[in-house]
Amino acid sequence: MSVDVLAIAAHADDIELTCAGTLIAMKDRGHSFAIIDLTRGEMGTRGTAEVRLREAQRAAEILGADFRETLDFGDGGLAINRENELVLIEAIRRAKPRLILTPYPEDRHPDHRRAGQIVTDAAFYAGLRKIETGSPAHRPQQTIYFSTAYVHPPTFIVDVTATMDRRFEAIRAYRSQFYDPASSEPKTMLSQENFLKAIEARARYFGFSIGVEFAEGFVSRRPPRIDDPVAVFEGFEQGF
Ligand SMILES: [Zn+2]
């Protein structure tokens with residue numbers, strides 16, 4: 001099934017914690033999207049691969065994804081090798097996205113870094129027709145990056161004020177991962193009460209910088225074209 005936008009990250013919940021507001025906003029504009037998780041999350045401190053898969057599918061329904069696929073590149077050691085690259089090239093060719101969203105390939109978590117790297121490489125290789133994987137060659141127009149733990153200065157910012165509620169509803173589908181006072185599982189960075197507040201704060205920070213309530217920032221190797229520089233700064237704080 002082909003989609004306009006394909007979001008690919010290391011772990012189920014990476015997308016919800018970073019760029020899902022933009023995915024919903026694009027869907028609201030009529031663009032379809034899908035999600036690929038490169039690992040099963042089997043090394044997570046809380047939950048199991050089975051629980052996390054169920055949570056991820058529920059979250060994908062809430063977001064309105066056309067499909068969500070889970071690959072098995074190895075959680076806590078995501079492997080960049082030719083075998084995995086070919087699996088990913090074929091997955092990209094099947095989905096035929098115009099745009100790919102993936103983690104910026106520099107982060108605290110090595111899996112995020114490696115995910116960004118293998119996705120960048122596979123998106124390029126997917127356009128080489130002599131690499132045979134079963135589906136015809138397809139090269140997405142652009143790969144854009146979202147920040148995970150490390151925050152990178154964005155090339156552009158997307159207003160997600162209208163979609164933040166749905167994004168947080170999807171985040172809450174990951175009950176095994178986030179703050180739950182009744183849980184007896186070990187505490188993690190993600191499960192502390194302040195973590196989701198920090199996620200919201202980041203969206204507020206980017207939102208304030210463009211004169212809206214919530215936004216998500218992205219890094220792109222090419223800056224996007226802007227047709228009207230006057231219009232795009234409308235509503236911002238003055239004098240910057
Ligand atoms: Zn992650």
Side-chain angles (χ1 to χ4, degrees), residues 5-23 33-60 62-63 65 68-80 84 87-88 91 100-123 143-152 154 167-180 183 185-203 216-219:
V5 183
L6 187 57
I8 310 174
H11 315 107
D13 76 22
D14 286 350
I15 297 294
E16 287 78 359
L17 292 173
T18 55
C19 64
T22 299
L23 293 175
F33 74 89
I35 298 169
I36 296 178
D37 303 314
L38 295 178
T39 78
R40 299 165 58 244
E42 68 274 16
M43 295 296 283
T45 304
R46 292 160 68 107
T48 62
E50 291 69 32
V51 166
R52 298 189 71 179
L53 187 64
R54 275 202 304 277
E55 291 173 345
Q57 289 300 340
R58 175 74 193 120
I62 295 166
L63 297 175
R68 181 172 210 146
E69 189 175 343
T70 304
L71 301 179
D72 192 11
F73 288 4
D75 186 16
L78 196 152
I80 298 182
N84 286 345
V87 169
L88 189 52
I100 287 187
L101 273 59
T102 201
Y104 192 86
E106 185 201 334
D107 191 61
R108 165 182 184 264
H109 198 317
D111 285 353
H112 297 171
R113 191 165 68 222
R114 295 181 192 187
Q117 189 60 57
I118 195 170
V119 170
T120 303
D121 295 350
T143 297
I144 63 176
Y145 303 96
F146 50 81
S147 292
T148 45
Y150 297 168
V151 181
H152 304 275
R167 178 179 158 194
F168 264 84
E169 195 189 335
I171 288 174
R172 283 192 294 272
Y174 293 92
R175 294 168 80 168
S176 72
Q177 300 303 302
F178 300 117
Y179 180 66
D180 173 6
S183 173
E185 293 221 65
K187 289 186 172 45
T188 66
M189 184 177 93
L190 271 60
S191 75
Q192 55 181 310
E193 196 175 2
N194 273 340
F195 179 74
L196 293 182
K197 290 182 184 168
I199 293 293
E200 193 201 89
R202 188 187 292 186
E216 292 169 352
F218 296 90
V219 177

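Read the numbers this way: they start at 1 and go in the same order the structure lists the ligands and their atoms.
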Colleague: Regarding Arg40 and Asp75, does a basic nitrogen lie under 4.0 Å from an acidic carboxylate oxygen?
Modeller: no
Colleague: What N, O or S atom of His112 is found closest to the Zn ion (ligand 1)?
Modeller: NE2
Colleague: Please determine if the Zn ion (ligand 1) has an N/O/S atom from His109 lying under 2.8 Å away.
Modeller: no
Colleague: Considering only N, O or S atoms, which atom of Asp14 is nearest to the Zn ion (ligand 1)?
Modeller: OD1
Colleague: For the pair His11 and His109, name the ring-plane relationship: parallel under 30°, tilted 30 to 60°, perpendicular over 60°.
Modeller: tilted
Colleague: Is the backbone of Lys187 close enough, under 3.5 Å, to the side chain of Gln192 for a donor and an acceptor to pair up by distance?
Modeller: no
Colleague: Taking N, O or S atoms only and a limit of 2.8 Å, check whether Asp111 reaches the Zn ion (ligand 1).
Modeller: no
Colleague: Restricting to N/O/S, name the atom of His11 that gets closest to the Zn ion (ligand 1).
Modeller: ND1
Colleague: Assess, by modelled atom type and distance only, whether the side chains of Ser176 and Glu55 contain a donor and an acceptor separated by less than 3.5 Å.
Modeller: yes
Colleague: Among side-chain atoms of Arg46 and Thr188, is any donor-acceptor pair under 3.5 angstrom?
Modeller: no
